[in-house]
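One structure below.
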Amino acid sequence: MVKLIRVDPLSPRREDIEEAARIIRAGGLVAFPTETVYGLGADAFNEEASTRIFKVKGRPADNPLIVHVSSVDMALNIGELPDHVVDIAKRVWPGPITFVAKKKAELPRAVTAGLPTVALRCPAHPVALRLIEEAGTPIAAPSANKAGKPSPTEASHVLEDLGDSIDVLLDAGRTFFGVESTIVDVTKEPPVLLRPGPFTLEELRSLFGEVVVPSFAKGLGEADVALAPGMKYRHYAPEKPLVLVEFDLKLAVDIAHEKGLKVAVLCMHDKCVEGDVVLKVGADLYEIAKNLYDSLRKIDRTNADVAIAPTVPEQGIGLAIMNRLRKASGYRIARSAEDLRRLL
Ligand code: AMP
Ligand code: MG
């Protein structure tokens, strides 16, 4: 059974960090907050512990983990970052951006899914940073949810999914951004965006110049998805069907009612109409990102038969929101009333 430790997100108690760090060093699993979502951490050099992450999450073995470090120097012991990327990492870390680099250290096979590359990130959350520092080892951590479910943005989500099978959960309340880190493959020139996140494409382009954005990074189609291992899997999805609606939401609710279906409406921005259930996600893009996964989890607790959500502008963190929404919907996107009649 998990030991739940409540910590202050900005100034956690030293004893609590030390206890969690001891568990990591002893090969245990610790769920901890980052500025993006909660991670499920193990000593990145411990084969058995990192393999256990896959087991408790039900994660396919070909979906590699992100290795979390507390400094650029720690990252450079594990991966080879080109000089200009080291300069950039020094400016943007700690932060919600992950670099895929050539692997240098001998990491357990499970961590990198046997790839010659490793994903590296230094998280901007005091609890995560101090945990890594105290453990004195990089921490391999995917999101602390069951594979396929929305990532956890508060401790209750972690308990719901993994409560029985992890050792410690550091509960620091809600995470700050609510969507997973931006992932950039810097082994390619120009670099390739593998997953949009809170570190925006606009910011990336101001640092790197050109950045390639494959269609799957927007959550469109699966064609070139082989580039990003793990991205092909069903992600973030509620059990109930979710449809993205690109036309008038009121009309969409009427169409669902014609079919005798109860509808949950995810309200975003000023796009909000009455449904059988209304889930207020947020009024601006940052609020939407922060509440998105909790709202997706809530869909399954309503009595609705189907959920509908509007789209948001693909600017800033909006690109990440749309990527997650498209995947969560299983690519059920209705551009017109006819589309929706066909999808429902
Ligand atoms: P999660 O932390 O659960 O969001 O998962 C981490 C994601 O990072 C995986 O799903 C992969 O898509 C990506 N990733 C990790 N390592 C690599 C790598 N070596 N190359 C490309 N993508 C990676
Ligand atoms: Mg995940």
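Whatever order the structure lists them in is the order used to number ligands and atoms, beginning at 1. All values below come from the heavy atoms of this structure, side chains included, with hydrogens, waters and symmetry mates left out.
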Go through the side-chain N and O atoms of [X] and [Y] and say whether any donor and acceptor fall under 3.5 Å apart.
{"X": "R174", "Y": "N291", "value": "yes"}
{"X": "H269", "Y": "D284", "value": "no"}
{"X": "Y293", "Y": "E180", "value": "yes"}
{"X": "R121", "Y": "T34", "value": "yes"}
{"X": "D43", "Y": "T137", "value": "yes"}
{"X": "R195", "Y": "S181", "value": "yes"}

*For S71 and D73, run side-chain hydrogen bond (donor to acceptor under 3.5 Å, both in side chains): C-alpha distance rounded to whole Å, both residues' side-chain angles, the deciding distance at 0.1 Å, then the answer.*
CA-CA 5 Å; S71 66; D73 283 343; 5.3 Å; no
Which ligand 1 atoms does [X] reach within 4.0 Å, using its non-hydrogen atoms?
{"X": "N63", "result": "9 (C), 10 (O), 11 (C)"}
{"X": "L194", "result": "21 (C), 22 (N)"}
{"X": "I183", "result": "7 (C), 8 (O), 13 (C)"}
{"X": "S143", "result": "1 (P), 2 (O), 3 (O)"}
{"X": "L115", "result": "18 (C), 19 (N)"}
{"X": "T117", "result": "18 (C), 19 (N), 20 (N)"}
{"X": "R195", "result": "1 (P), 4 (O)"}

*Is the distance between the Mg ion (ligand 2) and the nearest N/O/S atom of S143 smaller than 2.8 Å?*
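So S143 counts as coordinating the Mg ion (ligand 2), yes.
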*Is the closest heavy atom of L65 to ligand 1 under 4.0 Å?*
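Contact check L65 vs ligand 1: positive.
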*Min heavy-atom dist I66 to ligand 1 below 4.0 Å*: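 Yes, that is the case, since the closest heavy atom of the residue is under 4.0 Å from the ligand.
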*Evaluating non-hydrogen atoms only, which member of E180, R59, R121, K103 is closest to atom 6 (C) of ligand 1?*
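Heavy atom nearest to atom 6 (C) of ligand 1 belongs to R59.
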*Would E134 and R22 pass as an ion pair if we require N to O under 4.0 Å?*
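Answer for the salt bridge query: no.
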*asked:* For ligand 1, which is the ligand I care about here, please tell me if K57 has any N or O atom under 3.5 Å from one of the ligand's N or O atoms.
replied: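 For ligand 1, there is no N or O atom that lies under 3.5 Å from one belonging to K57.
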